[in-house]
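All residue numbers refer to positions in the sequence shown, counting from 1. Not measured: the values here are computed from a predicted model. Because only heavy atoms are used, hydrogens play no part in the values below, and waters and symmetry mates are left out as well, while side chains stay in.
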Amino acid sequence: MDKMMYVAMSGARQVMLKQASNSHNLANLNTNGFKADIDSFKALPVYGPGQPGRVYGENLRSGVDLSPGQLISTGVPLDVALDGDGFIAVQDIDGTEAYTRNGSMRVTEQGLLVTSSGDPVLGEGGPITLSPYNNLHIGSDGTVTIRPLGQTGGELAVIDRIKLVKPDQGEIKRNERGLFTTPNDEEPADASVTLATESLETSNVNSVEALVTMIELSRQYETQVKMMTTAKENDVSAAQLLKIS
């Protein structure tokens, strides 16, 4: 009974963990540039007295699905999307360099270019700061150009160039704030990474697949609970037989 109960309890717990990960993906269905977490179950033997005769499942975080989402045109000058592989470099809350595919940006009252989450966008020399402007344009190579406030005609000023990087996908991890990091403190700028201007990348979460997974996990959880109930009933029956004997 103990082994059966242990296998069923651990199975229910691991199903709940995967359900939480799947729900997190669904919750970010409409987050620009979001990449879905990938989970998988691994079968492990139950060790104890004698030879391991049973196995239990363990939920493993396999990584992040880095496949691209769809590009949608917004017509907003501060919206950019990665056209292919690569990331936009930003400054994380602790001052370290991190990376995102969310190209929805805005300018603060202090003139700082930040993402929709408030993370400063990095240029060639650090966070990008803009002076007051009439018009702004971001080129496909990340170059930020403005027409200063009060200027007319063709008088444009190149402010900075957004740092675009292409790290090794096998080394990319997501931190608690949803930004990507690599084992390196900073990744070098990569000129082969280009932007689709006035566009945003959608999340790559497949809503239909995620909903089907949610239903499957619910049924698997119910199965584990039934196993626990059966284990309890078997234990009670065995105890009654011992009393009779």
Side-chain angles (χ1 to χ4, degrees), residues 9-44 56-74 76 79-90 92-94 96-106 114-119 121 164-183 187 193 195-196 199-225:
M9 288 175 60
S10 62
R13 181 175 182 276
Q14 298 303 319
V15 169
M16 288 178 63
L17 291 175
K18 187 170 182 178
Q19 189 72 286
S21 177
N22 188 61
S23 298
H24 178 258
N25 288 341
L26 270 176
N28 286 282
L29 184 64
N30 296 318
T31 300
N32 296 319
F34 178 80
K35 301 301 175 189
D37 285 323
I38 303 174
D39 291 72
S40 60
F41 284 125
K42 181 180 181 180
L44 297 172
Y56 70 100
E58 181 176 345
N59 182 49
L60 298 176
R61 181 68 56 83
S62 303
V64 180
D65 178 7
L66 294 174
S67 61
Q70 294 182 340
L71 300 188
I72 54 173
S73 177
T74 64
V76 179
D79 286 346
V80 295
L82 277 304
D83 189 8
D85 294 336
F87 293 87
I88 298 170
V90 297
D92 204 351
I93 194 170
D94 60 357
T96 60
E97 185 172 300
Y99 310 103
T100 182
R101 295 274 298 189
N102 183 359
S104 176
M105 299 184 287
R106 60 185 173 85
V114 300
T115 65
S116 58
S117 301
D119 300 310
V121 178
L164 305 174
V165 301
K166 187 189 287 186
D168 184 347
Q169 293 192 356
E171 297 181 341
I172 296 172
K173 292 184 178 179
R174 181 156 40 208
N175 65 18
E176 296 82 1
R177 298 189 63 242
L179 297 173
F180 294 99
T181 62
T182 68
E187 292 290 335
V193 181
L195 298 174
S199 301
L200 288 175
E201 179 186 2
T202 65
S203 165
N204 70 348
V205 176
N206 185 321
S207 58
V208 175
E209 181 179 339
L211 287 171
V212 171
T213 300
M214 177 180 288
I215 295 172
E216 290 177 346
L217 292 172
S218 297
R219 290 176 177 172
Q220 290 178 15
Y221 182 81
E222 291 174 359
T223 300
Q224 303 296 340
V225 172

[Y] and [X], any side-chain heavy atoms less than 4.5 Å apart:
X      : Y      : answer
Ile172 : Leu66  : yes
Lys18  : Gln220 : no
Asp168 : Thr182 : no
Asp85  : Val193 : no
Asp65  : Val205 : no
Val121 : Val114 : no
Leu195 : Leu82  : yes

Margin query: Any donor-acceptor pair under 3.5 Å linking the side-chain atoms of Asp119 with those of Ser117?
Written below: no
Next item on the list: Ignoring hydrogens and angles, tell me if any N or O in the side chain of Arg101 forms a donor-acceptor pair with the backbone of Gly86 under 3.5 Å.
Entry: yes
Note to self: Could you check whether any side-chain N or O of Thr202 sits under 3.5 Å from a backbone N or O of Gln70, counting only pairs where one atom can act as donor and the other as acceptor?
What the structure shows: yes
Checklist line | Trace of the side chain to side chain contact (heavy atoms under 4.5 Å, CB included) decision for Asp37 with Val64 | finding: CA-CA 5 Å; Asp37 285 323; Val64 180; 4.0 Å; yes
If the condition is side chain to side chain donor-acceptor pair (under 3.5 Å), which residues does [X] pass it with, not counting sequence neighbours?
X      : answer
Gln224 : none
Asp92  : Asn175, Arg177
Ser116 : Asn102

Could you report the tightest heavy-atom contact between [X] and [Y], atom names first, then the distance?
X      : Y      : answer
Ser199 : Ser73  : OG-CA, 3.9 Å
Asn25  : Ala36  : OD1-CA, 3.6 Å
Glu171 : Pro183 : O-CD, 3.5 Å
Asp39  : Ser21  : OD1-OG, 2.5 Å
Ala196 : Leu71  : CB-CD1, 4.0 Å
Ile88  : Gly103 : CD1-CA, 4.0 Å

Margin query: Does Met214, at its CE atom, have more than 12 non-hydrogen atoms belonging to other residues, nucleotides or ligands within less than 6.0 Å?
Written below: yes
Check: In this structure, are over 12 heavy atoms from other groups packed under 6.0 Å from Ile93 atom CD1?
Finding: no
Next item on the list: On the 0 to 90° scale, with breaks at 30° and 60°, tag the Phe180-Phe87 ring pair as parallel, tilted or perpendicular.
Entry: tilted
Margin query: Go through it in stages, so that I can follow the logic: the residues are Asn204 and Ser67, the test is side chain to side chain donor-acceptor pair (under 3.5 Å), and I'd like the CA-CA distance, side-chain angles, deciding distance and then a yes or no.
Written below: CA-CA 7 Å; Asn204 70 348; Ser67 61; 3.3 Å; yes
When rounded to the nearest 0.5 angstrom, what distance separates [atom1] in [X] from [atom2] in [Y]?
X      : Y      : atom1 : atom2 : answer
Glu187 : Leu164 : CD    : CG    : 13.0 Å
Arg174 : Thr181 : CZ    : OG1   : 11.0 Å
Asn32  : Glu201 : CG    : CD    : 9.0 Å
Thr213 : Gln19  : OG1   : CD    : 9.0 Å

